[in-house]
Amino acid sequence: MTDIYDNAYSPTNTYGRTVELLREYVQPGSGLVHLDIGCGFGAIAPHVREMGLSYVGVDLDPSAIAALTKSGVEANVLELADEATTFERLSGVLAGRKLASVSILDTLEHVTAPLDVMRAIQRLIAEAHVPLIISVPNVTHLENVAKMVMGRFEYTVDGLLDRTHIVNFSHDTLKRMTRQAGLMEIGRNDTVARFPDRDLQLDPDALGQESSWFRFVNDLREKSRDDALSYQFVRAYLPCQPQDGDWFVDPSTKAQRPLLSIVMRTTGRDTYAMKDVLNCLAGQSDLDFEVLLIGHRLDVARQIEVEKVLETLPPYLAEKLRFLRVEDGNRTRPLNFGYAQARGQYIVTLDDDDLVFGHYVETFRNLAASTPGRLLRVRCASQTARKSQVDGGLDAAISTGPVVAEYPARFNFVDHLHDNYTPCMSVAYPREIFHGFGLRFDETLTTAEDYDFMMRAYAICGIGESGEITCIYRRWQGRQNSAALHSTEEWENNHANIKAKHDAMPILLSKGALAEIRARTQTQPVLASQISGVAAKKRPLHVRLGQEWGRFKRRRLGMK
């Protein structure tokens with residue numbers, strides 16, 4: 001019987017991708033050795049030799065080693081064990097010969113202590129400072145995700161869920177383990193497959209690629225990271241300083257997070273308005289928050305103005321605030337940067353010229369307690385304001401009109417399909433939307449980026465809401481705002497692009513959304529059975545006249 005692990009070389013499989021990485025990162029030299037750990041039947045041996053390197057393979061399977069030896073390839077039976085033993089055994093095989101590179105393909109998932117094996121290899125390559133190629137299967141492949149949602153986790157003869165696998169690798173598991181072993185990734189060349197196990201595990205008709213359910217799972221998984229279709233991670237590494245930590249999740253080391261991260265963009269203009277919002281944050285009834293102030297394209301003068309404001313903050317607020325800078329991109333770039341740095345359980349955008357009430361954070365906390373894991377929406381009002389001066393000639397903001405409850409108390413899905421009725425400061429996102437599901441603000445948009453992000457996030461986790469007014473959107477008089485800075489055509493183009501993107505999304509409707517749609521849908525379909533008898537008499541006059549004229553013409557033409 002053919003050995004199931006005696007796989008042929010192909011440019012697109014693990015072996016071909018490995019050879020590509022070797023050609024990119026290895027400097028051939030006379031007498032240099034490539035060590036192939038877990039070599040199997042030596043599929044890469046001829047290609048390594050073509051590079052001018054000597055090939056040496058080691059494997060636990062004596063039949064594979066015998067086959068290689070018979071074909072004239074140097075190979076040794078070797079069992080991987082703890083770090084010290086593995087290092088000693090591999091060093092013995094090399095017998096003082098100089099390394100050019102090392103590979104360990106489709107092997108680490110079969111050993112009981114892969115971190116020990118990595119550490120042993122790291123000691124080998126650190127001495128010569130040469131690259132290592134690792135390949136392991138991706139247990140978080142889209143197909144596995146789809147099966148596990150249905151409660152299926154079935155081991156197979158080989159493949160992603162090979163029955164002999166001991167450790168399952170995700171991108172994060174591999175990253176944590178390699179960094180803990182002292183290995184720094186320098187390149188990747190993953191193998192890709194959309195349905196690797198479909199013939200074995202799933203009925204292709206019952207769960208087709210275009211089914212709504214599969215498209216929804218696919219959309220979520222592909223947005224969370226770009227390795228959704230990576231069948232095997234094929235990565236190149238160089239030795240580095242090992243990092244502390246564990247490759248597994250330890251509940252005792254769970255990060256302590258503030259309730260809310262407040263991301264605030266500033267261009268350093270009109271800092272008098274920023275003073276107001278920072279004063280609002282200083283007066284919060286709930287201080288379990290952090291502020292990430294993102295300076296966007298600040299020149300020296302504007303940076304100094306911002307820092308002058310920060311020097312006036314009370315110490316308890318100053319210690320909650322991080323002032324960071326972004327030097328490129330449009331108005332959307334600082335949001336992605338700030339959300340990536342945010343440590344909070346929830347993240348909200350607050351513009352540097354708006355206002356929040358003293359129970360702003362507290363209301364988000366109450367919503368998080370009653371509707372955990374959803375978008376948290378509070379109500380926003382609006383108010384006109386303008387620039388003024390106070391005693392001493394300092395710039396200040398003055399309100400010029402009443403507080404108007406302009407924005408609806410409740411989130412209406414149907415209304416939001418057409419336009420945004422939820423200003424950015426009135427909705428906080430679970431951190432997993434950005435850090436887990438991988439949603440990002442669309443940096444091709446020059447306006448309405450918050451609307452686009454909110455609707456995509458809503459499609460994933462729904463919304464919890466409070467009718468309490470907790471913030472004010474300021475409508476400035478006598479100075480430019482986003483509506484004036486961008487043309488009507490630009491706004492319309494951005495909205496058209498957003499709606500086209502949303503129309504292409506598979507979405508999960510939240511509780512109550514169908515009732516909203518039903519209430520807004522007035523047109524009733526006309527059944528064929530209704531178009532006869534009495535129903536026909538109720539047709540509009542112009543319809544009946546048109547029908548009579550049609551009959552008259554047909555009679556004149558001798559038609560029925």
Side-chain angles (χ1 to χ4, degrees), residues 254-266 274-295 310 313-324 334-381 407 411 422-437 439-441 449-451 453-454 456-458 460-474:
K254 181 180 178 181
Q256 297 300 309
R257 303 188 180 281
L259 170 73
L260 190 65
S261 291
I262 300 171
V263 175
M264 188 184 304
R265 298 170 287 189
T266 186
M274 186 171 66
K275 291 179 185 177
D276 288 347
V277 68
L278 290 173
N279 285 333
C280 290
L281 295 177
Q284 289 299 302
S285 58
D286 189 327
L287 295 175
D288 191 12
F289 64 89
E290 66 169 357
V291 181
L292 293 95
L293 181 62
I294 314 297
L310 300 184
L313 298 180
Y316 68 87
L317 180 60
E319 67 183 15
K320 294 177 179 295
L321 186 144
R322 285 182 279 160
F323 179 33
L324 307 170
L335 293 180
N336 282 329
F337 179 79
Y339 275 54
Q341 303 296 319
R343 296 190 293 250
Q345 301 169 46
Y346 293 83
I347 313 173
V348 66
T349 304
L350 176 58
D351 285 338
D352 67 346
D353 59 352
D354 291 322
L355 301 175
V356 296
F357 296 164
H359 64 320
Y360 180 69
V361 176
E362 179 184 348
T363 306
F364 279 129
R365 177 179 294 282
N366 294 337
L367 275 175
S370 60
T371 56
R374 297 186 187 181
L375 275 63
L376 307 179
R377 182 183 186 270
V378 295
R379 193 176 187 188
C380 184
Y407 298 99
F411 178 91
T422 302
C424 63
M425 78 286 285
S426 61
V427 58
Y429 301 94
R431 69 175 286 106
E432 281 300 303
I433 285 292
F434 192 95
H435 291 269
F437 287 102
L439 263 68
R440 296 290 182 269
F441 290 90
E449 71 284 345
D450 55 327
Y451 168 50
F453 186 83
M454 180 189 68
R456 287 185 285 128
Y458 169 81
I460 295 173
C461 60
I463 200 163
E465 53 191 348
S466 168
E468 190 83 15
I469 294 177
T470 68
C471 45
I472 294 178
Y473 179 85
R474 277 174 158 177

Chemist: Do you know which two heavy atoms are closest between I469 and A381, and how far apart they sit?
Modeler: CG2-CB, 3.9 Å

Chemist: Kindly compute the distance separating CG (N336) from CD1 (I294), expressed to the nearest 0.5 Å.
Modeler: 11.0 Å

Chemist: Considering the options R257, K320, R322, which one meets the side chain to side chain donor-acceptor pair (under 3.5 Å) requirement together with E290?
Modeler: R322

Chemist: Measure up the F357 and H359 rings against each other and bin them: parallel (under 30°), tilted (30 to 60°), perpendicular (over 60°).
Modeler: parallel

Chemist: If you measure from OH on Y316 to CG on L287, what distance do you get to the nearest 0.5 Å?
Modeler: 6.5 Å

Chemist: When rounded to the nearest 0.5 angstrom, what distance separates CE in M454 from CD in E449?
Modeler: 12.0 Å

Chemist: If I take atom CZ from residue F453 and atom CG from residue L375, how far apart are they, to the nearest 0.5 angstrom?
Modeler: 8.5 Å

Chemist: Can you tell me how far apart CG (L355) and OH (Y473) are? Round to the nearest 0.5 Å.
Modeler: 12.5 Å

Chemist: Hey, could you give me the CD1/CZ distance between I262 and F289, rounded to the nearest 0.5 Å?
Modeler: 5.5 Å

Chemist: Considering all heavy atoms of both residues, which atom of R374 and which atom of G462 are nearest to each other, and what is their separation?
Modeler: CB-O, 3.9 Å

Chemist: Indicate, with yes or no, if the rings of F441 and Y339 have centres closer together than 6.0 Å.
Modeler: yes

Chemist: Do C461 and I433 have side chains that approach each other closer than 4.5 Å (heavy atoms only, starting at C-beta)?
Modeler: yes

Chemist: Going by atom types alone, do E468 and T363 pair a side-chain donor with an acceptor below 3.5 Å?
Modeler: no

Chemist: Taking all non-hydrogen atoms of both residues, which atom of A342 and which atom of L292 are closest, and how far apart?
Modeler: N-CD2, 4.0 Å

Chemist: On a heavy-atom basis, which atom in P430 and which in G373 lie closest, and how many Å separate them?
Modeler: CG-O, 3.4 Å

Chemist: Taking C-beta and beyond as the side chain, do L293 and M274 meet within less than 4.5 Å on heavy atoms?
Modeler: yes

Chemist: Are V277 and D354 packed together at the side-chain level, in the sense that at least one heavy-atom pair is separated by less than 4.5 angstrom?
Modeler: no

Chemist: Tell me the closest heavy-atom pair linking P372 and Y346, and the distance in Å.
Modeler: CA-OH, 3.8 Å

Chemist: Are Q284 and V356 side-chain neighbours, meaning at least one heavy-atom pair lies under 4.5 Å?
Modeler: yes

Chemist: Is a salt bridge present between D352 and R265, judged by a nitrogen-to-oxygen distance below 4.0 Å?
Modeler: no

Chemist: Give the intermediate values and the outcome of side chain to side chain contact (heavy atoms under 4.5 Å, CB included) for residues L321 and L278.
Modeler: CA-CA 10 Å; L321 186 144; L278 290 173; 4.0 Å; yes

Chemist: Taking the side chain as every heavy atom from C-beta outward, state whether V348 and Y429 have any atom pair closer than 4.5 Å.
Modeler: no

Chemist: To check you understand the geometry: which heavy-atom pair defines the closest contact between G464 and T371, and what is its length?
Modeler: CA-OG1, 3.6 Å

Chemist: Determine, stepwise, if the pair R474 / D276 fulfils side chain to side chain contact (heavy atoms under 4.5 Å, CB included).
Modeler: CA-CA 12 Å; R474 277 174 158 177; D276 288 347; 2.9 Å; yes

Chemist: Taking side chain as C-beta onward, heavy atoms only, is S426 less than 4.5 Å from Y407?
Modeler: no

Chemist: Quick one: are D286 and L260 in side-chain contact, heavy atoms under 4.5 Å?
Modeler: no

Chemist: Has the side chain of S261 got a donor or acceptor atom that lies under 3.5 Å from a matching backbone atom of G344?
Modeler: yes

Chemist: Do Y458 and R377 make a side-chain contact, defined as non-hydrogen atoms from C-beta onward lying under 4.5 Å apart?
Modeler: no

Chemist: F364 and side-chain contact (heavy atoms from CB on, under 4.5 Å): which partner among D288, L376, V427?
Modeler: L376

Chemist: Decide whether a cation-pi geometry holds between R440 and F434; the criteria are a distance under 6.0 Å from NZ or CZ to the six-membered ring centre and an angle within 45° of the ring axis.
Modeler: yes

